Amino acid sequence: MHNLLTIDENSLVQQIDSLELKKRNISLCIKRDDLLHPLISGNKWRKLKYNLTAMQTQGKTELLTFGGAFSNHIHACAAAGKHFNFKTHGIIRGPELDLNNPTIKFAKQCNMQLYPVTRIEYRHRHEQAYLAQLKQQFPNAYLLPEGGTNLAALQGCKELAQSLPESDYIICPTGSGGTIAGLIEGVKPSTHVIGIAVLKQADYLKNEIKALSSRANKQTNWQLLCDYHGGGYGKFDAQLWQFCQTMQQQHQLPLEPIYSGKMMFALWQLIKADHFPAGSKITAIHTGGLQGLAGLRYRQLI
Ligand SMILES: Cc1ncc(COP(=O)(O)O)c(C=O)c1O
């Protein structure tokens, strides 16, 4: 394993020029964390960073984690293992492993050991007894939860917040809540953080975010918007996919419709509905996940 588990974190901040913004006197820039690293991109690196440090500090030499078959997290962990030269294990929500699935194919190429489990077994992934059994089975492994969200993950997202240009609003897509919780930890109280929930019935996430971040518990400078899920996790319609393609053509901003596209689509609707006062400075976080496009093409969903 490499001694220094680090990458260059100075990703681009892209200014978006558009008539919709100009006529409202709104400044919008995108923190292009999708460009952080070709394979360990976006919030995946931010969440992994201090987990990899913890893995080293605890004297562990392997990483074990959990994910769906098209998971960005599995992809990034496999890539990190290959890049920094440590062994990785992925417990995959199965029941079968489709070796032609591009995410699985990539994880295998990175030498991640893959263990498909039934959906019923997968449900136990947060339970202490199940985790204790895995620890026995993989004594050299550092266990990282699905999506990479835990307290160590917040630290990397907090640093991201502190690296951003002065903003009135920071917006990000929200799945498990780790990224927004870390951002809330890192912003000034005068900056408002908005999460766009990418899954249906996500109200419960507000409490999860508060449990992760003491600032989120105390402060009111954040909100989770739960009406922009577009039908549920992984669901999107032709209009959303068209929006992603238009953003690519007009602004050279690559998006996928599961996370970054859903966030930008929601943001655009909020801007057009005059949600933001004139003069607002908005920074949207591109959290990566573009590898997911290959999986959507593979399933002929785009
Ligand atoms: C590309 C991408 N963006 C955003 C998120 C959501 O982040 P979080 O789970 O920390 O809310 C994920 C999932 O972790 C993701 O893969």
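Worth saying up front: this structure is predicted, and the values here are computed from it rather than measured. Just follow the structure's listing: the first ligand is 1, and inside any ligand the first atom is 1. Worth knowing before you read on, the calculation uses all heavy atoms, side chains too, and leaves out hydrogens, waters and symmetry mates.
Ligand 1 lies under 4.0 Å from heavy atoms of Asn43, Lys44, Lys47, Asn72, Thr149, Pro173, Thr174, Gly175, Ser176, Gly177, Gly178, Thr179, Tyr259, Thr287, Gly288, Gly289.
A donor-acceptor distance shorter than 3.5 angstrom exists from the side chain of Gln14 to the backbone of His251, with no hydrogens or angles considered. Asp34 contributes no side-chain N or O that, together with a main-chain N or O of Gly42, makes up a donor-acceptor pair within less than 3.5 Å. Between the Lys262 side chain and the Lys235 main chain, a donor and an acceptor come within less than 3.5 Å of each other.
Taken from CG in Asn150 to OG in Ser176, the straight-line distance is 9.5 Å, to the nearest 0.5 Å.
Aromatic rings from Phe138 and Tyr115 are positioned such that their centres are separated by under 6.0 Å.
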For residues 266-278, run the donor-acceptor check on the side chains, cut-off 3.5 Å, and write out each pair with its distance to 0.1 Å, sequence neighbours left out.
from: Gln269; atom 1: NE2; to: Phe265; atom 2: O; distance (Å): 3.4
from: Asp274; atom 1: OD1; to: Arg24; atom 2: NE; distance (Å): 2.6

